[in-house]
Undergrad: 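I'd like to ask some things about the structure below.
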Amino acid sequence: MARHLITSAIPYINGIKHLGNLVGSQLPADLFARFQRARGNEVMFVCATDEHGTPAELAAAKAGKPVDVFCAEMHQVQANIARRFGLSFDHFGRSSSPQNHRLTQHFAGKLAENGLIAEVSERQVYSNADGRFLPDRYIEGTCPNCGYDKARGDQCENCTKQLDPTDLIEPRSAISGSTDLEVRETKHLYLRQSALRQELSEWIDSKTDWPILTTSIAKKWLNDGEGLQDRGITRDLDWGVPVKKGDQPWPGMEGKVFYVWFDAPIEYIAATAEWADANGKPADEWRRWWRLDEGAGDVRYTQFMGKDNVPFHTLSFPATIIGSGEPWKLVDYIKSFNYLTYDGGQFSTSQGRGVFQDQALSILPADYWRWWLLSHAPEGSDSEFTWENFQQSVNKDLADVLGNFVSRITKFCRSKFGETIPEGGSYGPEEQALVQALTTRIRAYEGFMEAMEVRKAANELRAIWVLGNEYLQSAAPWSTFKTDPEKAAMQVRLGLNLIRLYAVLSQPFIPFAADSMLAAMRTDDRAWPDDVSAALDTLPAGHAFDVPEVLFAKITDEQRDEWQERFKGARA
RNA sequence: GGGCCUGUAGCUCAAUGGUCAGAGCAGGGCGCUCAUAACGCCUUGGUUGGGGGUUCGAGUCCCUCCGGGCCUACCA
């Protein structure tokens, strides 16, 4: 039995995410996790909220709440949304957990022991009015290059010139607008990634099967300019993991915390530890997923993320792990995604453009979104959400092809044989051909799922559904019933068994509908169809079932128009 | 500016350098009547963004131009 460790990029805490965040990491990760479990493999699927950093502090302040309270609340909100989308995390943790504090401090201590931490004294902008150091992009002013008056300290959005905050004319805090700024000396820890460049480079070069999107971004950072640069891993903030060297104080670093991007990936490990603690399991239960010397030798580790996360997962986090000198599990495969765009533009949290996760769930069941998003996953390039496409795809694939199949066969059986699987008859050539066609397509489906070819897997699954309609059309039990009721009984029995088969195969994509289908067939047999012929004998003659409610109601033109209007911008 | 990705049917996408560039949707025709006016079969539709080159052979490799997107290290 294979063992799969699966992590999804951890969503930031500062608000409810839009659909792009869902399709870029959590949803495909869930698809893969569900598939591997369905195949009988052992799976550890973890995710968490990413809770540290300046934006979290500012969002909390805006909400008028202490940051820890704000994060605890938002964690619950996000956990609830994730549950309602059917995201099957074994644990949904928090990067602010005590487990992550300990592990982050542990890694920093090991890196320091190995000479991979440098203490650097630098000058940063401090805002007296805000009482905090300001990250470059939180400083605004007039661009010295083009005169644009809302240039940010890292770059001018108008002329795209790279800037240093001290270049700005009349700089002010982007938070309060205060011009009472000063440059202060402050000391920070840097992770000496440059010292690990060769090792990282060879490691990346060995990953020849990774998506181009993943490796090209990594190589750019490794080779651009002077090569991989060291990265500051501490910040002058109140909220975060206090800087410590293992469990010891770090002289000179009092009052500082680790940089969010240092502790966030470590949360993958910590979330697994949180899982063990939450379930009353001893530490070796989680360590067997992460420590090569404690049982993780046969684990395959797959990460899912949007392309913006790639540098941290291909370089910074591996540098942390390799640099620790300890046998922690490195990622085996990184599946990265492009962006989902909304009606020709970007989803925008600030402008309320596009559909947010809570809104999506408030208008349609999760499976509608799961199906559309996964079958249109932005694998090769960015993909676009439009209401027309969404309505068309969902109505056709889910309502017409799958839902109507379930409806027509169950209702036909009820009217001719009652709500019990009918007896009699045996397979002819048509049924043999169907089994053969199903087998071919199911094997292809497995291959695509194994390879995380999400769109291709969706296409194949849809083609499997279509086979059911093709069979019914040519078998025509409504005709055979008139001349040969036994044959019609066999055809109907096969059709009803297809519903269970489809539920099992479709469950990674549309888990809620799959559950409804199994419930209607009054079975909980989720055995994977390694033998298709046997799988179609699962429900025997005499087995009672229910005609289910409409599985997928269609999206009407009126609904589509209303939603299009409602979500075009300026969130209520 | 630099780097990377991308451009294939009206739309969304496929195609280890090798038959006539294929699917789904949309459009058109026919069939069926079990079904959510659903399903099935057939079918229209292409100078693969433009131009040049390498090759026996290019959607695929090279050069160049045009369009779209992303990244560029203190947002995460």
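Residue numbers start from 1 in every chain, and the chains themselves are labelled A, B, ... in the order their sequence lines are given, proteins ahead of strands.
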Undergrad: For the side chain of Trp478(A), starting at C-beta, report the closest nucleotide among rU33(B), rC25(B), rU12(B).
TA: rU33(B)
Undergrad: Any side-chain N or O of Tyr190(A) less than 4.0 Å from the OP1 or OP2 oxygen of rC74(B)?
TA: no
Undergrad: Can you tell me, in whole Å, how much space there is between the P of rU16(B) and that of rA23(B)?
TA: 16 Å
Undergrad: Say we look at rU48(B) and rA14(B): how far apart would their C1' atoms be, to the nearest angstrom?
TA: 13 Å
Undergrad: Answer yes or no: does a side-chain N or O of Lys219(A) lie under 4.0 Å from OP1 or OP2 of rG3(B)?
TA: no
Undergrad: Taking C-beta and beyond as the side chain, do Phe312(A) and Trp261(A) meet within less than 4.5 Å on heavy atoms?
TA: yes
Undergrad: If we take the P atom in both rA26(B) and rG68(B), what is their distance in whole Å?
TA: 31 Å
Undergrad: Looking for any heavy atom pair under 4.0 Å, which part of the strands does Glu453(A) touch: base, sugar-phosphate only, or nothing?
TA: nothing
Undergrad: Rounded to whole angstroms, how far apart are CZ on Arg152(A) and C1' on rC74(B)?
TA: 11 Å
Undergrad: Which part of the nucleic acid, if any, lies within contact of Tyr339(A), taking any heavy atom under 4.0 Å across all strands shown: a base, the sugar-phosphate backbone alone, or nothing?
TA: sugar-phosphate
Undergrad: When the ring planes of Phe337(A) and Phe304(A) are compared, do they come out parallel, tilted or perpendicular, using 30° and 60° as the limits?
TA: parallel
Undergrad: Can you see whether Tyr339(A) has Lys307(A) sitting over its ring - NZ or CZ less than 6.0 Å from the centre and within 45° of the normal?
TA: yes
Undergrad: Under 3.5 Å for both donor-acceptor distances, Watson-Crick or wobble: does rC56(B) have a partner, and if so which one?
TA: rG18(B)
Undergrad: Taking the P atom in each of rA38(B) and rG27(B), what is the distance between them to the nearest angstrom?
TA: 10 Å
Undergrad: Please tell me which of the listed nucleotides, rC75(B), rA38(B), rC71(B), lies nearest to the side chain of Lys220(A)?
TA: rC71(B)
Undergrad: State which of rA14(B), rA38(B), rC32(B) makes the closest approach to the side chain of Asp400(A).
TA: rA38(B)
Undergrad: Whether Arg408(A) contacts rU33(B) is assessed here as follows: a side-chain N or O lying under 4.0 Å from the phosphate OP1 or OP2. Is that the case?
TA: no
Undergrad: Does a nitrogen or oxygen in the side chain of Lys396(A) sit under 4.0 Å from OP1 or OP2 of rC39(B)?
TA: yes
Undergrad: Could you check whether the rings of Trp239(A) and His52(A) sit parallel, tilted or perpendicular, using 30° and 60° as the cut-offs?
TA: perpendicular
Undergrad: With a non-hydrogen cut-off below 4.0 angstrom, is Gly495(A) in contact with a base, only sugar-phosphate, or nothing?
TA: nothing
Undergrad: Sort out the partner of rC25(B) for me: Watson-Crick or G-U wobble, both distances under 3.5 Å, none otherwise.
TA: rG10(B)
Undergrad: Among rC34(B), rA26(B), rC74(B), find the nucleotide with the atom closest to the side chain of Gln473(A).
TA: rC34(B)
Undergrad: If I pick the C1' atom on rA58(B) and the same atom on rG52(B), what distance separates them, to the nearest angstrom?
TA: 14 Å
Undergrad: Taking atom P of rC75(B) as reference, at what distance in whole Å does atom CD1 of Ile175(A) sit?
TA: 13 Å
Undergrad: Using atom NZ of Lys307(A) as one end and atom P of rG3(B) as the other, report the distance to the nearest whole Å.
TA: 18 Å
Undergrad: Would one find a side-chain N or O of Arg231(A) under 4.0 angstrom from OP1 or OP2 of rC74(B)?
TA: yes
Undergrad: In whole Å, what is the span from the CD atom of Glu430(A) to the P atom of rG40(B)?
TA: 15 Å
Undergrad: With both distances kept under 3.5 Å, what pairs with rU36(B), Watson-Crick or G-U wobble?
TA: none
Undergrad: When you get a sec, tell me which of rC25(B), rA38(B), rA76(B) is the closest nucleotide to the side chain of Phe312(A)?
TA: rA76(B)
Undergrad: Return the orientation label for the Phe385(A) and Tyr342(A) ring planes: parallel under 30°, perpendicular over 60°, tilted otherwise.
TA: parallel
Undergrad: On a whole-Å scale, what distance lies between the C1' atoms belonging to rA21(B) and rA37(B)?
TA: 35 Å
Undergrad: Could you measure between the two P atoms, the one in rG7(B) and the one in rG57(B), and give it in whole Å?
TA: 25 Å
Undergrad: Among the nucleotides rU12(B), rC70(B), rC75(B), which one has an atom lying closest to any side-chain atom of Asp154(A)?
TA: rC75(B)
Undergrad: Any side-chain N or O of Tyr259(A) below 4.0 angstrom from OP1/OP2 of rC75(B)?
TA: no
Undergrad: Would Phe412(A) pass as stacked on rC34(B), i.e. its ring centre under 5.5 Å from the base's six-membered ring centre and planes under 30° apart?
TA: no
Undergrad: Can you find a pair of side-chain heavy atoms, one from Phe405(A) and one from Tyr502(A), that are under 4.5 Å apart?
TA: yes
Undergrad: On a whole-Å scale, what distance lies between the C1' atoms belonging to rC61(B) and rG28(B)?
TA: 40 Å
Undergrad: May I ask you to decide whether Arg152(A) forms a salt bridge with Asp154(A), counting only side-chain N to carboxylate O separations under 4.0 Å?
TA: yes
